[in-house]
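First listed ligand is number 1; within each ligand, the first listed atom is number 1. Only this structure's heavy atoms are used, side chains among them; waters, hydrogens and symmetry mates stay out.
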Amino acid sequence: MKFTSSAASPFKIKSDCIIFISKGNLECELKNLDEALRDQLITLSKVTNFNGKKGSLKQIYTPTMAFKQILLVGIDGATDKQKEIDVIESAAEQCVRVGANKIVWLDCRRESAPLWIASIVAQKIFQASYNFEYSNNNESKVACEVIYCVKNQSGIAPVQSALNFGAAVGTGLNVAKKLGDLPANICTPSYLAEFAQTLAQGVPFLRSTILNANDMELLKMGALLSVSAGSVEPPKFIEMHYQGGNQKEPPVVLVGKAVTFDSGGISLKPSSGMDEMKFDMCGGASVLGVMQALILSRLKLNVIGLIPAVENMPSGSATKPGDVITSMSGQTIEVLNTDAEGRLILCDSLTYSAKFKPAAVVDIATLTGACVMALGKHASGLLSNDEELANELLTSGTEAGDRAWRLPLWDDYDKQLKSNFADMGNIGGREAGTITAACFLARYTKNIRWAHLDIAGTAWLSGAKKGATGRPVPLLMNYLRRLTL
Ligand code: BES
Ligand code: MN
Ligand code: ZN
């Protein structure tokens, strides 16, 4: 797929479809257009009852013109960023649906539309082109060329780089989606490790190392290993180093939970909907998606990805409720529920992350069902021990159409983790499950700038649209991009 910015007259470019983002005032929006053509378009838009209101979509066929059809997309009344992004998303979906090869993207606000809109357009067109099917003979309808119109020559270069960034994010997001959608019999910890190795192959500024069970034992990652104890799939700890900045610059570390299947272990989950626990590796997948997007965008900073990858299964060798384990940090944990496994693989990863002297550590995890109850499918949960980092992540998410919402990390909640037999239990009772899970992690990040994203609600959709979303790749990439400004 190719994205180019152009200052040429959109109606003179030979194309299959013009996407016209409009507030409904065509008279004014098309004022530079040849009069006959403008009158014709205004008449046609009236015939379709196009009013420019957000959410309205009208298709007009114009077989005799340079463009074969024009898609009118209303954006009037999109009062905040998210609503604006939702309009662009449905326009992108429609433009993939019509099967056009060459698309001209024309925004009536192009004089004032900010740069980030161009990034969103490129990202959403990639997203809309995503296709997951296990058959070899499906021909996907993917747009090949998109020409994004700018008002004048000076707009071309900055818009082009915004398009390139959005295309990188979209590609990375689709990688995360694909890995998320793969079934757990294929997408095992070993599969993810192989994937990471392949991703880094031939890329001089990306390095990938895989630690296996032996290495983890030597590092005393007892919490992580206790989760994989019941599975025949060997655990893998994936480490990726992206070097886009000066060697000495402290890196941002991303830690992604990758439980390739979460059966709950001995604290077995109920069977209904258990298939969705193949998505319990979406945190790890988002880190791989970010690495893919970094390869393409070449942001000038250093990023380390850490992905603890395990399968959580019941068996004769599985960890049992009541077992006491010792984490890499030396702190002991009473495993009161083997289904609270995400925090166990994360705590050792967070302890490990300190050795990189990171500028910040962000972990990404499908951690708690409670987060789905609290925030639904719309926002990721955000908890952090650093105000500035928290605010930066919130802003990055809002700007990228991938929102997060902050919850508190007060020590009142931390008390719920008390255990009679170890330094802490791995669960904090029924109340405030998302917060107590984060309080558990906070005990391993005392000396680092750290934030936790609970993506249990946002990483995938259920029902008719069942599938991974690729979130929060857009939030993370926007956060990293903003660090380079
Ligand atoms: N992977 C789940 C969290 C989850 C549940 C995500 C449902 C999306 C939908 C996690 O490992 C888990 O099982 N958490 C438990 C924690 C509890 C035992 C304290 C949960 O949320 O029920
Ligand atoms: Mn679980
Ligand atoms: Zn889990």
Side-chain angles (χ1 to χ4, degrees), residues 180 184 187 189 192 223-224 226-231 233 235 255-286 307-314 318-323 333-347 349 363-381 383 407 413-414 416-419 424-441 452-463 466-469 471-472:
C187 186
L192 289 175
L224 198 165
S226 79
V227 178
S228 64
S231 172
E233 289 294 339
V255 180
K257 168 182 174 183
V259 176
T260 58
F261 190 74
D262 180 12
S263 69
I266 298 295
S267 314
L268 194 64
K269 285 182 180 295
S271 56
S272 109
M274 209 208 268
D275 66 289
E276 296 195 0
M277 282 302 126
K278 73 170 183 176
F279 294 118
D280 210 21
M281 36 59 72
C282 284
S286 76
I307 305 172
V310 297
E311 193 183 58
N312 185 21
M313 295 291 275
T319 300
K320 305 166 290 296
D323 286 2
I333 305 162
E334 184 188 9
V335 181
L336 289 162
N337 189 320
T338 64
D339 198 11
E341 85 297 342
R343 62 199 76 183
L344 297 177
I345 67 170
L346 289 172
C347 71
S349 309
D363 79 73
I364 307 106
T366 48
L367 205 62
T368 62
C371 192
V372 194
M373 295 301 119
L375 299 172
K377 293 274 170 193
H378 305 294
S380 302
L383 299 101
L407 296 169
Y413 294 102
D414 180 79
Q416 291 175 227
L417 294 170
K418 189 187 156 4
S419 157
M424 69 199 83
N426 76 328
I427 53 172
R430 273 173 40 80
E431 291 167 4
T434 304
I435 300 174
T436 54
C439 286
F440 181 95
L441 300 177
H452 159 64
L453 284 165
D454 192 329
I455 58 165
T458 51
W460 75 88
L461 300 173
S462 308
K466 192 193 281 187
T469 60
R471 291 177 69 177

Do Lys257 and Glu341 meet the salt-bridge criterion of a basic N to acidic O distance under 4.0 Å? yes
Looking only at side chains, do Asn337 and Ser267 share a donor and an acceptor under 3.5 Å apart? yes
Among Arg430, Glu276, Met277, which residue places a heavy atom closest to atom 9 (C) of ligand 1? Met277
Please classify the Met274 to ligand 1 contact at 4.0 Å (heavy-atom distances, strictly less than): side chain, backbone, both or neither. neither
Would you say the side-chain atoms of Arg343 pair up with the backbone N or O of Asn426, donor to acceptor, closer than 3.5 Å? yes
In Asp262, the N/O/S atom nearest the Zn ion (ligand 3) carries the name OD2
Please name the atom of Glu341, restricted to N, O or S, that is closest to the Mn ion (ligand 2). OE1
Flag Asp280 as yes when one of its N or O atoms lies below 3.5 Å from any N or O atom of ligand 1, and as no otherwise. yes
Name of the Glu341 atom (N/O/S only) found closest to the Zn ion (ligand 3): OE2
Suppose we only count N/O/S atoms under 2.8 Å; would Asp339 qualify as near the Zn ion (ligand 3)? no
What part of Asn312, side chain from CB on, backbone N/CA/C/O, both or neither, has a heavy atom under 4.0 Å from ligand 1? neither
Under a 3.5 Å cutoff, is there a donor and acceptor pairing between the side chains of Ser462 and Glu276? yes
So, is Thr368 polar-close to ligand 1, with some N/O to N/O distance under 3.5 Å? no
Between Thr319 and Thr338, a side-chain donor and acceptor under 3.5 Å: no
Glu341 N/O to ligand 1 N/O under 3.5 Å: yes
Please indicate whether any nitrogen or oxygen in Val372 is less than 3.5 Å from any nitrogen or oxygen in ligand 1. no
Six-ring centre of Trp460, Lys278 cation under 6.0 angstrom, axis tolerance 45°: no
To check your reading of the site, what angle at the Zn ion (ligand 3) do NZ of Lys257 and OD2 of Asp280 form, to 10°? 90°
So does Ala365 have any N/O/S atom less than 2.8 Å away from the Zn ion (ligand 3)? no
Closest to the Mn ion (ligand 2), among the N/O/S atoms of Asp262, is atom OD2
